[in-house]
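Worksheet: one structure, shown below.
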Amino acid sequence: MNAAAPEVQKSFYSLILDRRIGSYELPAGSVVIGAGNRATDNALARPMASALVNRMVHLHLRADVDNWLKWAAHNDIHPWVVRYVTQRPDHLWSAAPKSEAPFSTPRGWHMLSDALHSCGDDLDDTLLDVLAAGTLTPAHASAFRAFVKTIRHAYDLDAVIKGEAGWPRDPGDRDLLYFLSETFRARLIKELPGSRKHVSGGVHRFVLRAKTMLVELAEISVECAQLVIASDADGAPVLPSWFLVEVTRDLPRLAARR
């Protein structure tokens, strides 16, 4: 609605208050809902007059991962997209960049899904790169390409955690190493409790394995190991402080054993 010119927006005054446009009246019980982007979204959004603003209840909506995945399950969204967003729910949506570049949204993931369906199972890596880069934030596109590689080569984080596979060491698989490192970080954020006293037996075993995995990862790429335990963009830790203390204390000892 706020993409309309001021002259057009004036027509909403009577529509909202009187449920009328000219001589046409809306049916009884009708509800008027207007939608538009925020000015901060770098989209086509015009300022609304205070008289129009004051005639409505304003709600800010956000993309909800659980609801989107439920919708995706019944709307033929490509299995790769569903599995990826399930593992990386934080990648469903990203803020619009200031430059003219693709960025991740539920609409973008839907577009990528349609393209994947159109290309079929014989989709090669080059075309996958083009499709992902054309619909997603660059970092998400790179991670999605690496995720598809794990599917095609039956290589996933669970196998590394169980000790059934190691971190990829081939220089040609560096994108896969970054993806697994980011997925490992997301798993730690999800599984580790905020307090050490809430660590159960299963989580304790996972913590021991996680510290060993960090040593193994650092042997291949210190950058990827640092990525796992790094703070957020504002410098605040994302992993529990007790775990970071244990990592600082135990990693030199674990590395000396190797």
Side-chain angles (χ1 to χ4, degrees), residues 61-97 101-192 202-203 206 209-210 213 217 224 227-228 238:
L61 304 181
R62 62 178 175 82
D64 183 82
V65 174
D66 291 338
N67 285 335
W68 189 84
L69 288 173
K70 290 177 182 177
W71 171 86
H74 297 90
N75 286 273
D76 197 32
I77 298 300
H78 197 282
W80 289 353
V81 172
V82 174
R83 289 175 60 182
Y84 181 83
V85 175
T86 299
Q87 290 189 29
R88 295 306 306 267
D90 54 318
H91 286 190
L92 177 63
W93 177 88
S94 63
F103 58 102
S104 304
T105 64
R107 181 190 295 124
W109 284 108
H110 194 176
M111 291 169 57
L112 177 58
S113 168
D114 288 345
L116 294 174
H117 279 308
S118 298
C119 294
D121 296 335
D122 296 330
L123 175 69
D124 61 35
D125 291 341
T126 300
L127 184 54
L128 176 62
D129 289 352
V130 172
L131 295 177
T135 53
L136 306 175
T137 299
H140 297 175
S142 176
F144 182 76
R145 294 194 301 268
F147 168 74
V148 173
K149 184 182 289 188
T150 69
I151 294 176
R152 287 177 165 172
H153 298 281
Y155 202 121
D156 62 15
L157 179 65
D158 286 331
V160 181
I161 293 175
K162 294 176 183 177
E164 298 171 353
W167 295 107
R169 294 177 175 271
D170 192 317
D173 289 332
R174 188 48 58 98
D175 59 341
L176 177 57
L177 183 66
Y178 272 93
F179 170 75
L180 290 174
S181 299
E182 290 181 341
T183 306
F184 183 37
R185 173 184 170 89
R187 181 73 65 87
L188 289 171
I189 294 172
K190 179 181 178 181
E191 299 292 339
L192 298 183
V203 174
F206 175 56
R209 176 59 184 152
M213 289 172 62
L217 180 59
C224 286
L227 172 65
V228 173
V238 295

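In this text the structure is predicted, and so the values were computed from the model without any measurement.
Scored by the side chain to side chain donor-acceptor pair (under 3.5 Å) test, Thr183 finds no partners at all (sequence neighbours excluded). Under the side-chain contact (heavy atoms from CB on, under 4.5 Å) criterion, Pro168 pairs with Tyr155, Asp173, Leu176, Leu177, Leu180, not counting sequence neighbours. Annotation: side-chain contact (heavy atoms from CB on, under 4.5 Å) contacts of Pro138 (sequence neighbours excluded): none. For Ala210, the side-chain contact (heavy atoms from CB on, under 4.5 Å) partners are Phe184, Leu188, Phe243, not counting sequence neighbours. Residues passing the side chain to side chain donor-acceptor pair (under 3.5 Å) test with Ser181, sequence neighbours excluded: none. Remark: Phe147 engages Tyr84, Phe179 in a ring-ring contact (aromatic ring centres under 6.0 Å, His included) (not counting sequence neighbours). Residues that satisfy the side-chain contact (heavy atoms from CB on, under 4.5 Å) test with Ala63, not counting sequence neighbours, are Leu92, Trp93, Pro106. Thr135 pairs by the side chain to side chain donor-acceptor pair (under 3.5 Å) definition with nothing, not counting sequence neighbours.
Using modelled atom types, one side-chain atom of Trp167 and one backbone atom of Met213 make a donor-acceptor pair closer than 3.5 Å. With hydrogens and angles disregarded, no donor-acceptor distance shorter than 3.5 Å links the side chain of Thr137 to the backbone of His140.
You'll find the side chain of Thr150 stays beyond 4.5 Å of the side chain of Arg83, heavy atoms only. Between Leu112 and Trp80, the closest side-chain pair of non-hydrogen atoms is not below 4.5 Å. Residues Pro89 and Asp66 are not in side-chain contact: their nearest non-hydrogen atoms beyond the backbone lie 4.5 Å or more apart. Annotation: side chain of Tyr178 is not in contact with side chain of Ser142 (no heavy-atom distance under 4.5 Å).
If you check the side chains of Ser104 and His91, you find no donor sitting under 3.5 Å from an acceptor.
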Could you pull out every donor-acceptor pair under 3.5 Å between side chains of residues 68-76 and any protein atom, sequence neighbours left out?
from  : atom 1 : to    : atom 2 : distance (Å)
His74 : ND1    : Lys70 : O      : 3.0
Asn75 : ND2    : Trp71 : O      : 2.6

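Residue Arg209 qualifies as enclosed at atom CZ: its count of foreign heavy atoms under 6.0 Å is above 12.
Pairs of residues two or more places apart, or lying in two chains, that qualify as salt bridge (charged side-chain N to carboxylate O under 4.0 Å, His left out) and include a residue from residues 84-93 are Arg88-Asp90, Arg88-Glu182. Residue pairs that meet the salt bridge (charged side-chain N to carboxylate O under 4.0 Å, His left out) test with at least one member in residues 122-137, sequence neighbours left out, are Asp125-Arg152, Asp129-Arg145. Pairs passing the side-chain hydrogen bond (donor to acceptor under 3.5 Å, both in side chains) check and including a residue from residues 110-119, sequence neighbours excluded, do not occur.
Leu227 approaches Arg185 most closely through the heavy-atom pair O-NH1, 3.0 Å.
Between the CZ atom in Phe103 and the CG atom in Leu136 there is a gap of 11.0 Å [rounded to 0.5 Å].
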